[in-house]
Visitor: 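Sending over a structure as structure tokens; questions will come in a sec.
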Amino acid sequence: MNPFQHLAAPIAAAYPGLEPDDIGFGPPPNLELGDVAVHLFQAAKKLRTAPAKLAAALAGADLGPRVIEAQAAGPYLNLRVDRAAFAREIVDAILASGPCFGASGLGAGKRALIEHTSINPNASPHIGRARNAMIGDSLARLFRFEGFDLEVHYYVNDIGKQIGLLVLAAADREDLAFDQILRLYVEANARAEADPEFAAQGFDLLAKMEEGDPDTRARFRKVVDLCLRGQLGVLGRLGVAYDCFDYESAYLKDPRLDPVFEALRAKDALFVDDEQRLVVDLVKIGYPQQKRDAGRFFVLMRANGSSMYGYRDLAYNIDKEGRGADLNLVILGEDHKTYQRQIAQILDNAGHRAPEAVYYAYILLKESRDSSDSTKMSTRQGNVVLLSDFLDQATALAAARVAEQCHDLSPEDQRTIAAQVAVGAVRFSVLRVSPNKNVMFDMEANLSFTGDTGPYIQYSCARIQSILRKYGKELPQIPAEEFPLTTDAEWALLLKLADLPNVVAGCLNQRTTSPVAQYALETARLFTTFYHECPVLTAETPALVQARAQLCAATRQTIANALYLLGIEVPERM
RNA sequence: GCCCCGAUAGUUCAGUGGAUAGAACGAGGCCCUCCUAAGGCUUAAACGCAGGUUCGAUUCCUGCUCGGGGCGCCA
């Protein structure tokens, strides 16, 4: 929806060869200049004239009944328009679309597959690991919102050296609990480093697993599922959910890999090295030659015949490709970039299509409030913020506030709100940062709930709900003829509301949702300005009361839709 | 050494080939007889360095510096 697009028609009509789409509209830098700014750079280029000249010519032209005044300002044309008429259209469109407002149906009739999270079953997820889940889940919401038929996959790494060691260490622990697994995992890895015999036992166990020994498989499955359940419980608190769980162990010795090996042999790219490992020479199949053969060799199998991660992953990628989605996405940490390129090269060589990868950078822990020092999170070193710990602390702090503000609500409702606020705090703080930048995680800042935070946005919605409750009667979904929203605060908010579809469409193309986070924040800020400047319930006329109440409802709907994409819920009160 | 990403107020993040580069935290000064102060108002404060392309570059390109990630038996 661009409410101003029909202003383009009279302009385009006046100049042969100009299409309405050549003319863009946007908010002017400030409302003193005008209500709407017309961007003429593209049109001027097409007409081979200077933008300023075109603007000057248009300032004197008839631009239709809704344009009150047109003023050229250099290359820009600023319009003073019938604000009320546009306001009515915008609010009407939002209230009519409801939870779908912002979607353009870009995925209608298309199928998509997204794989995300896929963390090793070894510990409770920390905030850094959870970035994958938050980005993946948010993208999944975006694709569904735009109409894609979407399947969310989780690749369960239930096999491999580290899991083997963990299973070995868990051997005589009948009553093993989820929160003990990390310590066990760390100990097992440390022991394997120091004790070759223990490490050898781990590989033996792994070999038995690969051979399909039923007893061994059961032992692996037991440990893996215990861990997976624990992890999913924590991720579930964030509102993250999956449709399919694909176990890595199902992709051992997959016959679909035979043609892949054939394709490699055909280019003489597959060889057994002098230590009996099965290796791919990627340069022979088109991988760029780099200094010191960086990234050139890709090991598929160990000397003892057991498979490497990449081997199984090839089969998994072929399996996912076979599900026939129009769009096949995988969310990966930036540490997987080289690896993913290697895998893609091998798949491509065999005529397969690798999934489209979306990468994100690590989350770093900020060390102190006013310095830029930070540390990397390391599960083994224990300097991590566990997602569950953050949620616990944030929920407790939020609960204390809710107890003051909403003491009339049931304890259960209060708990729900506190949990929503906690989720809003983490998801917003992580999702608002561009994926390819490191996130500095500042525990203190994220627990304060003030400033540029998820809770600030949620709070603005709670204020809207409060107004709408006090409005008392049922609010009509259709704006009345008399819709006198004309102040700057109202207009600035309306311009922002009308922009959601553009933001969402842009996100889909860019495979990111961080602009939505920024958008939600800006919208909440503009609402707050409106809130302070424009009384709703005590407005001068009944028509104005209703129009402002409807603007409130439209704002709430818009922010709620944006927050939905981020996986953040909107409490009725807080 | 090589490859990939990043660099914007003291700090954490936005943003754009073109109109005065937006917020927030922190610092100073204010505001609850006013629809929720998890709020608002106000003061000070920024595009790493050097070239290039362009009418115009913080944005695009190159080099440098600094930070993050990676480069055959982890997943």
Side-chain angles (χ1 to χ4, degrees), chain A residues 28-30 33 37 39 41 50-51 73-76 78 118-120 122 157 159-163 189 248 273 275 277-282 288 290-304 306 308-310 312-313 333-339 341-342 359 361-362 364 366 368-372 374 376 398 401-402 405-406 421 429 432-434 436-442 444-445 448-453 455-456 458-460 462-471 514-515 517-518 521-522 525 528-529 531-539 548-549 552 573-574:
Chain A
N30 75 59
L33 293 168
H39 297 259
F41 292 102
Y76 296 93
N78 294 319
S118 304
I119 41 188
N120 288 339
N122 61 19
N157 306 127
I159 195 163
K161 178 180 153 190
Q162 271 139 355
I163 301 304
N189 276 285
E248 189 180 345
D273 74 0
E275 289 171 58
R277 304 170 287 215
L278 186 63
V279 181
V280 180
D281 181 349
L282 294 164
Q290 289 169 22
K291 296 270 174 73
R292 294 192 186 187
D293 285 340
R296 174 171 180 173
F297 297 106
F298 190 85
V299 177
L300 288 173
M301 265 187 213
R302 299 184 178 93
N304 70 359
S306 67
M308 299 284 292
Y309 178 78
R312 284 132 20 207
D313 200 26
E334 63 179 347
D335 52 332
H336 287 243
K337 252 182 184 170
T338 303
Y339 165 81
R341 254 176 231 146
Q342 294 172 321
Y359 299 102
Y362 282 8
L364 306 176
K366 200 159 149 58
S368 74
R369 201 59 195 258
D370 295 318
S371 90
S372 53
S374 62
K376 284 178 257 181
R401 292 301 298 276
V402 172
Q405 298 286 333
C406 313
V421 170
S429 72
R432 77 178 183 126
V433 181
S434 301
N436 52 353
K437 289 193 188 181
N438 290 106
V439 172
M440 289 291 165
F441 196 82
D442 182 340
E444 195 189 333
S448 76
F449 307 149
T450 63
D452 286 357
T453 62
Y456 171 86
Q458 292 171 309
Y459 181 68
S460 68
R463 285 174 143 183
I464 293 175
Q465 294 291 17
S466 174
I467 292 173
L468 295 178
R469 270 194 306 276
K470 289 185 177 164
Y471 179 76
S514 63
Q518 195 63 26
L521 183 62
E522 286 164 4
R525 292 234 166 260
T528 305
T529 303
Y531 178 86
H532 285 285
E533 290 184 8
C534 305
V536 177
L537 302 174
T538 57
R548 283 183 175 164
C552 284
R573 293 180 51 184
M574 64 183 275

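To find a chain, count down the sequence lines: A is the first, B the second, and so on, and within it residues start at 1.
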Visitor: Distances under 3.5 Å only, N/O to N/O: pair up the protein atoms with those of nucleotides 69-72 of chain B.
Guide:
residue : atom : partner : partner atom : Å
G69(B)  : OP1  : K376(A) : NZ           : 2.7
G69(B)  : OP2  : K376(A) : NZ           : 3.3
G69(B)  : O4'  : E334(A) : OE2          : 3.4
G69(B)  : O2'  : E334(A) : O            : 3.2
G69(B)  : O2'  : D335(A) : N            : 3.3
G70(B)  : O2'  : T338(A) : OG1          : 2.7
C71(B)  : O2'  : G295(A) : N            : 2.4
G72(B)  : O4'  : F297(A) : O            : 3.4

Visitor: Would you list the protein and nucleotides 31-34 of chain B atom pairs, both N or O, that sit under 3.5 Å from each other?
Guide:
none

Visitor: Quick one: which protein N/O atoms are closer than 3.5 Å to N/O atoms of nucleotides 9-13 of chain B? Pair and distance per line, please.
Guide:
residue : atom : partner : partner atom : Å
U11(B)  : O2'  : K366(A) : NZ           : 2.8
C13(B)  : OP1  : N438(A) : O            : 3.4
C13(B)  : OP1  : M440(A) : N            : 2.8
C13(B)  : O2'  : R432(A) : NH1          : 3.2

Visitor: Could you list the residues that satisfy salt bridge (Lys or Arg N to Asp or Glu O under 4.0 Å) with E334(A), not counting sequence neighbours?
Guide: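 Partners of E334(A) under the salt bridge (Lys or Arg N to Asp or Glu O under 4.0 Å) test: none.
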Visitor: Can you sort out the partners of H39(A) under ring-ring contact (aromatic ring centres under 6.0 Å, His included), two or more places apart, ordered by chain and number?
Guide: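 H39(A): ring-ring contact (aromatic ring centres under 6.0 Å, His included) contacts with Y76(A).
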Visitor: Residues in ring-ring contact (aromatic ring centres under 6.0 Å, His included) with F441(A), at least two apart?
Guide: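 ring-ring contact (aromatic ring centres under 6.0 Å, His included) list for F441(A), sorted by chain: F390(A).
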Visitor: Going by the rule side-chain hydrogen bond (donor to acceptor under 3.5 Å, both in side chains), which residues pair with Y339(A) if we only count those two or more places apart in sequence or in a different chain?
Guide: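 Testing Y339(A) for side-chain hydrogen bond (donor to acceptor under 3.5 Å, both in side chains), a comparison that skips the adjacent residues, returns D313(A).
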Visitor: If the condition is side-chain hydrogen bond (donor to acceptor under 3.5 Å, both in side chains), which residues does T453(A) pass it with, not counting sequence neighbours?
Guide: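 If we apply the side-chain hydrogen bond (donor to acceptor under 3.5 Å, both in side chains) test to T453(A), skipping adjacent residues, there are no hits.
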Visitor: Using Watson-Crick or G-U wobble geometry with both distances under 3.5 Å, which nucleotide pairs with C34(B)?
Guide: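 In the structure as shown, C34(B) has no Watson-Crick or wobble partner.
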Visitor: Name all residues meeting the salt bridge (Lys or Arg N to Asp or Glu O under 4.0 Å) criterion together with R296(A); count only those two or more places apart in sequence or in a different chain, and write none if there are none.
Guide: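 Salt bridge (Lys or Arg N to Asp or Glu O under 4.0 Å) list for R296(A), sorted by chain: D281(A), D293(A).
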Visitor: Scan nucleotides 59-65 of chain B against the protein and return all N/O pairs shorter than 3.5 Å with their distances rounded to 0.1 Å.
Guide:
none

Visitor: Please name the nucleotide paired to A27(B) by Watson-Crick or G-U wobble geometry with both distances under 3.5 Å, or report none.
Guide: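 Base partner found: U43(B).
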Visitor: Any strand counts, and the cut-off is 3.5 Å on both contacts for Watson-Crick or G-U wobble. Which nucleotide pairs with U20(B)?
Guide: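 Its partner: none found.
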Visitor: What residues form a side chain to side chain contact (heavy atoms under 4.5 Å, CB included) with V439(A), not counting sequence neighbours?
Guide: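 Expected list: R131(A), I363(A), V433(A).
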Visitor: If pairing requires Watson-Crick or G-U wobble contacts with both distances under 3.5 Å, which nucleotide is the partner of G51(B)?
Guide: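 Its partner is C61(B).
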Visitor: Return the nucleotide paired to A14(B): Watson-Crick means purine N1 to pyrimidine N3 with N6-O4 or O6-N4, wobble means G-U with N1-O2 and O6-N3, both under 3.5 Å.
Guide: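 For A14(B), the partner nucleotide comes out as none, under the 3.5 Å rule.
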Visitor: For D442(A), check salt bridge (Lys or Arg N to Asp or Glu O under 4.0 Å) against everything at least two apart and list the hits.
Guide: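 With neighbours one apart ignored, the set is R369(A).
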